[in-house]
Amino acid sequence: MGSTSAQNPENNGSAGVGRRDLIKRSAALGLISVPTMSFLSACASGGGGGNGDKAKEGTKTAKNPLGVNDTAQMEFVLFDGGFGKEYAEDAVKIYEQNFPKVSVKFSATQKIQSTLQPRFNQGTPPDLIDNSGAEQMDMGVLVGKDQLTDLTPLLDAPSYDDPNKKVRDTLRPGIVEMGQFDGDPVWIMYYTYTVYGVWYSQKALDSLDATYPETWDEMLAVCEKAKKKGMAGWTYAGKYPYYLPFSLYPMIGKVGGAEVLDAIDNLEPNAWKHPAVKACFEAYYELYKKGYVLKGTPGLDHIQSQTAWAEGKALFIPNGSWVENESAKVIPADFGLAVSAPTGIDSSDKLPFGTIWASGGEPFIVPAKARNTAGGMEQLRVMLSEASSKNFTSKVKSLTAYNGGTDGITLTPGLKSGVAALDKAGQNVVNPRLQDWYVQLQKEKIGVSGLGEMMAGRLTPAEAIKKIQGFADEAAKDTSIKHYKHQ
């Protein structure tokens, strides 16, 4: 997920740098830090005014479909994390070339909330923000208190490369939906694209004379082969077991259909008691019972588990595409890094093998009270061009939300495998929303208290399901949090 947000507890990103401190946050997989009371109060009071000096609308033309004022300054604040800032600076140069009378005020910081909170309070926020990192502002609060601009005009504008194609039609599956909270408005543009699944060494798999298993019986057989050669079948971030859903959730979707995941996201009664959930929990628990999980895994953090896996101590690990960069120093040159969609149960599964979880990261927002909202959206339109997307991918080895942009680029093994996995998935891409709708529920309760306890052998699958359903029911009844549902 980028050097940010919703998907990796270390500041997810395929680029890995600067994610270490994020583990310390109490936010869930979504990594959304809890806003301070002053921020919440400011949002509740509407942000304090400051709307009077909105930039006048410019003339809409074929080259300026959003009507950007060609003399109004545009301010862009980027999270300075794992992806660096060069890709954004390059996109700013294009904006300035297109509007030569304008000088973009660009800055990068790791302290998004503490830097920008006072400006939200005063009603004078920047025009475009990469709301990411350890100090990411709570997206639910921003949306709920009308602090963001609806990006629908951007999505319906002609794409930068093809005037006959809307921006929304150039994006990867699920990107538009991720930016929605209630109904049609789109409040967030996720710029990066993360592939989640089961990561492994092709070299190690070849050494077992095995292929990636598509059914659970095949998975157990491969793990048994590995065990006989002194290699564990699996490891995972035991201290942060909310990594397990990266492969477990799409498996549930494969077995029972995407509607099962939607019911879970919607906090529907008994959603966790669906037979598909039971089957998948029992399958994972079998890995523990048969001794196929690397000894000591419950005590390992994400780096320790990834290192053990890279050293050949375990064959499979659930993770996101940032793992390639994050583990670059420990993955051998001949490792043959690869990712696959999760193994299913058998041929009775609702969706085909290849069903995978992939979704956006690095959330960009245009504040409602920004002076130049059209300029902020136009900068995003530039960034969602093929050239800017290629520039990003070639520099940070990660995909963008733009559906393409890899032609002519030499892809690293993990990135190449991720692209192949997306191609195989086709339309069978799922996107569970718990991690950005209900952060604490996903991380601390489902992850640590439920899945973590089950995989450590301290809960049976039935006990884990009962416990997690209880957590979900509590969240559904909690009137202090905003509830969301798939539309």
Side-chain angles (χ1 to χ4, degrees), residues 1-19 22 25 27 29-33 76-92 106-113 116 126 128-139 142 148 151 154 167 171-179 186-196 320-326 357-367 376-377 379-385 388-403 405 415 418 431 435-436:
M1 276 224 359
S3 54
T4 166
S5 72
Q7 282 110 11
N8 180 25
E10 319 61 78
N11 192 4
N12 14 340
S14 303
V17 180
R19 299 208 302 269
L22 297 189
R25 299 192 314 178
L29 285 177
L31 306 186
I32 298 176
S33 58
F76 179 1
V77 178
L78 184 83
F79 168 63
D80 191 3
F83 294 130
K85 56 186 179 181
E86 190 175 354
Y87 78 94
E89 291 172 330
D90 291 343
V92 164
F106 176 82
S107 61
T109 179
Q110 292 189 359
K111 298 183 178 297
I112 292 293
Q113 181 171 303
L116 299 181
L128 179 62
I129 301 168
D130 175 14
N131 182 30
S132 186
E135 286 200 20
Q136 182 184 50
M137 294 177 285
D138 191 312
M139 224 74 76
L142 292 172
L148 302 183
L151 301 179
L154 163 67
V167 170
L171 303 178
R172 294 186 186 276
I175 289 295
V176 171
E177 291 77 8
M178 279 197 73
V186 179
W187 306 109
I188 304 159
M189 174 54 64
Y190 287 90
Y191 188 64
T192 64
Y193 202 68
T194 296
V195 177
Y196 300 96
S321 48
W322 63 81
V323 71
E324 180 168 30
N325 189 77
E326 189 166 68
W357 180 2
S359 61
E362 214 67 31
F364 281 75
I365 55 176
V366 175
M377 286 192 280
Q379 181 68 80
L380 281 173
R381 195 174 78 98
V382 170
M383 292 169 64
L384 290 168
S385 68
S388 290
S389 179
K390 278 188 173 181
N391 185 52
F392 177 88
T393 298
S394 62
K395 285 182 174 175
V396 305
K397 304 300 183 285
S398 181
L399 298 174
T400 73
Y402 176 80
N403 195 3
L415 189 53
N431 184 10
Q435 66 178 18
D436 44 69

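Residue indices begin at 1 and follow the sequence shown.
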Distance (rounded to the nearest 0.5 Å) between [X] [atom1] and [Y] [atom2]:
X      : Y      : atom1 : atom2 : answer
Met377 : Leu384 : CE    : CG    : 13.0 Å
Leu148 : Ile365 : CG    : CD1   : 5.0 Å
Leu78  : Phe106 : CG    : CZ    : 4.5 Å
Phe364 : Ile188 : CZ    : CD1   : 12.5 Å
Met178 : Leu171 : CE    : CG    : 12.5 Å

Would you confirm whether [X], through its side chain, and [Y], through its main-chain N or O, come within 3.5 Å as a donor-acceptor pair?
X      : Y      : result
Asp80  : Ala108 : no
Ser132 : Glu362 : no
Gln136 : Ile112 : no
Ser388 : Val382 : yes

Show the nearest heavy-atom pair for residues [X] and [Y], with the distance to one decimal.
X      : Y      : answer
Ser389 : Thr400 : OG-OG1, 2.6 Å
Ser398 : Thr393 : O-OG1, 2.9 Å
Met189 : Leu154 : CE-CD2, 4.4 Å
Glu135 : Gln110 : CB-O, 4.2 Å

Point to revise | With sequence neighbours excluded, residues passing side chain to side chain donor-acceptor pair (under 3.5 Å) with Glu89 | key: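 Glu89 satisfies side chain to side chain donor-acceptor pair (under 3.5 Å) with no other residue.
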Practice item. Mind checking side chain to side chain donor-acceptor pair (under 3.5 Å) for Lys111 and listing every partner two or more places apart, or none if nothing turns up? Key: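 Not a single residue meets the side chain to side chain donor-acceptor pair (under 3.5 Å) criterion with Lys111.
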Review point. Would Trp357 and Asn431 count as a side chain to side chain contact (heavy atoms under 4.5 Å, CB included) if you check the C-alpha gap in whole Å, the side-chain angles of each, and the deciding distance to 0.1 Å?
Key: CA-CA 6 Å; Trp357 180 2; Asn431 184 10; 3.5 Å; yes
**Study point:** Centroid separation Tyr191 to Phe83 less than 6.0 Å
**Key:**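 No, too far apart.
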Exercise for review: Could you list the residues that satisfy ring-ring contact (aromatic ring centres under 6.0 Å, His included) with Tyr402, not counting sequence neighbours?
Suggested key: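 Tyr402: no ring-ring contact (aromatic ring centres under 6.0 Å, His included) contacts found.
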